Amino acid sequence: MAVETMSGHIAPAGVVEGLPGVVTDFSSDKQAFPVHWGKAMMWIFLLSDTFIFSCFLTSYMHVRMSTTVPWPNPSEVFALSLGGQPIPLILIAIMTFILISSSGTMAMAVNYGYRRNRARTTALMLITAGFGATFVGMQAFEWTKLILEEGIRPWGNPLGAAQFGASFFMITGFHGLHVSAGVIYLVVVALRVWRGDYERAGNYEVVEIAGLYWHFVDLVWVFIFAFFYLW
Amino acid sequence: MSYVAIADQHAHLHDPQTFLTKYVWSQDHKVIAIQYMVTAMAIGLVAIVLSMMMRLQLGFPGTFHFINPSNYYQFVTMHGMIMVVYLLTALFLGGFGNYLIPLMCGARDMVFPYLNMVSYWVYLLAVLVLVASFFVPGGPTGAGWTLYPPQAILAGTPGADWGITLMLVSLAIFIVGFTMGGLNYVVTVLQARCRGMTLMRMPLSVWGIFMATILALLAFPALLVSAIMMALDNHLGTSFFMPALMSLGDPTVHKGGSPLLFQHLFWFFGHPEVYIVALPAFGIVSDLISVNARRHIFGYRMMVWAIVAIGVLSFVVWAHHMYVSGMNPYFGFFFATTTLIIAIPTALKVYNWVLTLWRGDVHLTVPMLFAIGFVFTFINGGLTGLFLGNVTVDVPLSDTYFVVAHFHMVMGVSPVLVVCGAIYHWYPKMTGRMTSVTLGKLHFWLTFLGTYAIFLPMHYLGILGLPRRYFAMGDTYFIPQSVQEMNAAISIAALFVAASQLIFLFNLAWSLKHGKPAGGNPWRATTLEWQTPDTPPRHGNWGPELPVVYRWAYEYGAPGYKDDFVPQNQPPDGRVAAKHG
């Protein structure tokens with residue numbers, strides 16, 4: 001089979017098989033991907049954004065490994081006292097749970113969008129946005145606690161390496177901006193769904209494109225969670 | 001889901017009516033392209049003036065009292081940054097990318113014209129912020145275009161008050177604006193080609209711009225991140241890049257940061273950046289050479305794969321800019337190897353350009369002169385790159401004039417020659433008029449020979465050990481007096497080259513009114529942009545029907561046709577193709 005494809009064998013229906021077939025399909029005329037251009041654009045934007053977060057995270061790892069001052073223990077810094085008992089990472093666990101849940105409601109919204117269920121799509125998108133807003137709110141709480149109670153500042157902290165606060169505020173801040181922008185984005189799209197814009201256009205792809213962005217923001221959080229809080 | 005490929009969608013043709021929507025707030029990719037080009041060339045003129053100031057100081061030290069060491073470093077910095085980012089990147093991708101992609105792919109416009117328009121205005125804002133840094137207290141930053149910390153933000157470096165902040169802000173704005181445009185270019189190439197235009201039928205210009213845009217979308221994030229971190233170090237007192245150190249006798253607030261981290265981030269952007277300006281030049285030169293040699297490009301598929309390979313490799317060579325920064329020797333070995341591997345696809349392209357010329361029916365038009373000139377300067381710069389790519393050779397040559405000569409040849413002069421050639425080539429399509437051939441040839445010879453007069457001697461100065469970025473050499477024992485004479489000669493040549501760019505600008509302005517009418521296809525080229533029903537093309541480019549493509553972009557001298565070229569959209573049975581406007 002491979003030999004045939006290498007020699008340019010063309011199947012009866014005009015389909016090239018094997019690896020050359022992949023190239024032929026991808027480079028066929030009019031479009032490379034059989035999707036709306038907006039979706040392709042969102043994917044490429046997210047790829048670019050991935051590089052931004054990768055640079056942030058690798059920079060954080062670099063300064064964490066190169067500093068000679070001990071790194072504060074995240075389990076202790078991010079612990080909350082509940083009933084007189086410090087529970088490590090409890091706030092972050094709840095935040096993570098909320099954000100992951102919002103991915104679930106977003107996926108349901110996309111599903112109802114393609115079923116042309118205007119009311120449920122709107123409701124689920126607003127729920128997703130609400131989860132996102134809750135996440136940002138809890139992040140604000142976390143920041144307040146760290147700044148006021150633990151004395152952690154971008155330029156230094158009493159617990160150890162100065163880069164701890166710097167990396168923390170920069171990375172979670174940049175991610176928080178992404179979530180906040182996503183909340184606004186979701187609300188705008190939800191209102192347009194409700195108004196019936198996509199019903200008239202006969203195309204709910206915009207909901208899915210917003211969903212792509214939202215899932216991406218969640219996925220980034222998983223990496224931040226793993227590399228910053230669990231390391 | 002109901003969704004139709006862009007090429008199959010029904011056209012909504014409307015011409016903007018008012019002056020504002022037609023020429024200022026225009027969403028037409030052709031108008032945006034020209035806005036990009038004019039802005040980029042305007043800021044480029046500033047960069048040329050800055051380089052002349054540097055040359056005046058180096059050629060005639062002590063003569064010009066308005067140039068002090070601080071100014072000199074500011075000139076060096078701003079010249080480099082403007083030329084690389086605000087001129088070449090913006091001109092190739094924002095200018096030619098915008099103009100050529102929809103026309104060459106057979107699209108009516110970019111996929112998201114509104115975002116495309118916003119992209120230009122954000123770029124303009126970035127340029128204005130950059131220009132503003134000339135007028136703030138302390139002036140623009142003098143940190144060198146690489147902006148290495150710690151010195152970039154320490155007091156004592158020129159522009160440490162405002163200049164460095166404005167530079168970082170301007171870069172961040174530029175990246176935001178570029179991302180808006182870049183997404184458009186990539187998605188338009190992928191999703192909005194006309195019927196019959198497969199990826200492997202696209203002209204190499206589009207391939208080069210396409211790949212360069214992908215590089216930019218993946219490389220600029222590193223610059224954005226390093227700009228954010230440096231701004232935090234500067235204003236919030238964080239210590240990402242700043243180690244504990246003394247500045248002007250006092251300890252700074254910083255502790256424990258890593259200056260090397262910045263260098264890694266910067267060059268992870270900086271090296272792809274070289275190819276962001278080189279790949280569009282490669283593509284455009286391929287087309288200029290093929291059209292003017294009346295011969296198909298040699299090894300089209302190889303040329304495409306070489307562009308892709310260079311693009312991929314450009315992400316794994318960045319630390320060859322850091323051989324003298326202190327690295328594990330094994331890293332040097334790795335990065336030297338990957339660097340030298342890039343020479344393979346690059347040399348392949350050079351061979352293919354030359355083989356396209358071989359036994360071609362070469363017409364020495366003005367664009368062709370620039371294209372051939374590019375091949376010369378690019379080979380020259382590429383060969384010195386082999387020296388600098390090797391660690392042991394690079395270490396003594398690092399930070400000498402040899403490096404200056406190398407990168408000016410390979411990513412300064414070469415892309416600029418292509419920019420000039422490309423403007424001469426597509427000017428008739430943009431304006432409907434030809435440029436003056438006499439002035440064009442004069443411009444070419446002055447520029448081409450002049451740049452050799454500037455940069456060839458610099459190789460020798462570098463081998464002699466002359467360090468770059470020095471305000472004045474003073475009495476250094478290993479620098480003979482003749483170096484000063486050579487520097488003076490270089491400066492005089494530089495003044496001539498700078499002045500000859502005025503010929504270029506005059507030619508463009510004069511030809512707008514007085515140039516010969518060009519007709520639709522003055523170069524008798526095959527690609528789609530020459531087959532538009534109107535010249536210059538109207539909003540929507542193609543009239544009611546989109547073109548249909550039947551062949552690749554390089555059908556020159558095919559037997560059995562009346563002309564020596566066959567347009568891409570001419571049907572195979574020989575019926576008359578779309579009328580030339």
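Throughout, protein chains are lettered first and strands after them, A, B, ... in sequence-line order, and every chain is numbered starting at 1. Owing to the predicted nature of the structure, the values given are computational and were not obtained by experimental measurement.
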Looking at A:Trp143, I'd like to know if its CH2 atom is crowded, meaning that more than 12 non-hydrogen atoms belonging to other residues, nucleotides or ligands lie closer than 6.0 Å. yes
Quick one: closest heavy-atom pair of A:Cys55 and B:Ala222, and the distance? SG-CA, 3.6 Å
Contact class of A:Ala40 relative to chain B, heavy atoms under 4.5 angstrom: both
Out of curiosity, B:Leu217 CG to A:Asp49 CG, how far, rounded to the nearest 0.5 Å? 11.0 Å
For atom CZ of B:Arg551, is the number of surrounding heavy atoms from other residues, nucleotides or ligands below 6.0 Å larger than 12? yes
From A:Met41 CE over to B:Asn184 CG, what is the distance, rounded to the nearest 0.5 angstrom? 4.0 Å
Main-chain N/O of B:Leu190 paired to A:Gln31 side chain as donor or acceptor, under 3.5 Å: no
Does the B:Gln191 side chain pair with the main chain of A:Gly38, one donor and one acceptor, at a distance under 3.5 Å? no
Separation between CZ (A:Phe56) and CG (B:Leu265), nearest 0.5 Å, reads 9.5 Å
Any chance CZ of B:Arg195 has more than 12 other-residue heavy atoms, nucleotides or ligands included, within less than 6.0 Å? no
If you measure from OG1 on B:Thr213 to CD1 on A:Ile44, what distance do you get to the nearest 0.5 Å? 10.5 Å
Give me the atom names and distance for the closest heavy-atom approach of A:Ser59 to B:Met229. CB-CE, 3.5 Å
So for A:Ser66, is it side chain, backbone, both, or neither that comes closer than 4.5 Å to the heavy atoms of chain B? side chain
With a 4.5 angstrom heavy-atom cut-off, is it the side chain or the backbone of B:Phe112 that approaches chain A, or both, or neither? both
Take atom CZ in A:Phe223; do more than 12 heavy atoms of anything else shown fall under 6.0 Å from it? no
Go through it in stages, so that I can follow the logic: the residues are A:Phe174 and B:Ile228, the test is side-chain contact (heavy atoms from CB on, under 4.5 Å), and I'd like the CA-CA distance, side-chain angles, deciding distance and then a yes or no. CA-CA 10 Å; A:Phe174 205 74; B:Ile228 290 173; 4.0 Å; yes
Return the option, out of B:Met202, B:Lys255, B:Arg201, B:His264, with the maximum number of heavy-atom pairs under 4.5 Å with chain A. B:Lys255
First locate atom NE2 of B:His235, then atom CH2 of A:Trp155, and finally report the distance between them rounded to the nearest 0.5 Å. 14.0 Å
Measure distances from B:Val111 to the heavy atoms of chain A and classify the residue's part below 4.5 Å as side chain, backbone, both or neither. both
Within-4.5 Å side-chain heavy-atom neighbours: B:Phe240 and A:Ser167: yes
Measure distances from B:Ala192 to the heavy atoms of chain A and classify the residue's part below 4.5 Å as side chain, backbone, both or neither. backbone
Near A:Trp194 CH2, under 6.0 Å, is it more than 12 heavy atoms from other residues, nucleotides or ligands? no
So which part of B:Leu232 gets closer than 4.5 Å to some heavy atom of chain A, the side chain, the backbone, both or neither? side chain
Could you state the interatomic distance from NE2 (A:His62) to CZ (B:Phe262), rounded to the nearest 0.5 Å? 13.0 Å
Chain A shares the most heavy-atom pairs under 4.5 Å, among B:Asp8, B:Leu260, B:Val186, B:Thr188, with B:Asp8
With chain A as the partner, which of B:Leu218, B:Val187, B:Thr238 has the greatest number of non-hydrogen pairs under 4.5 Å? B:Leu218
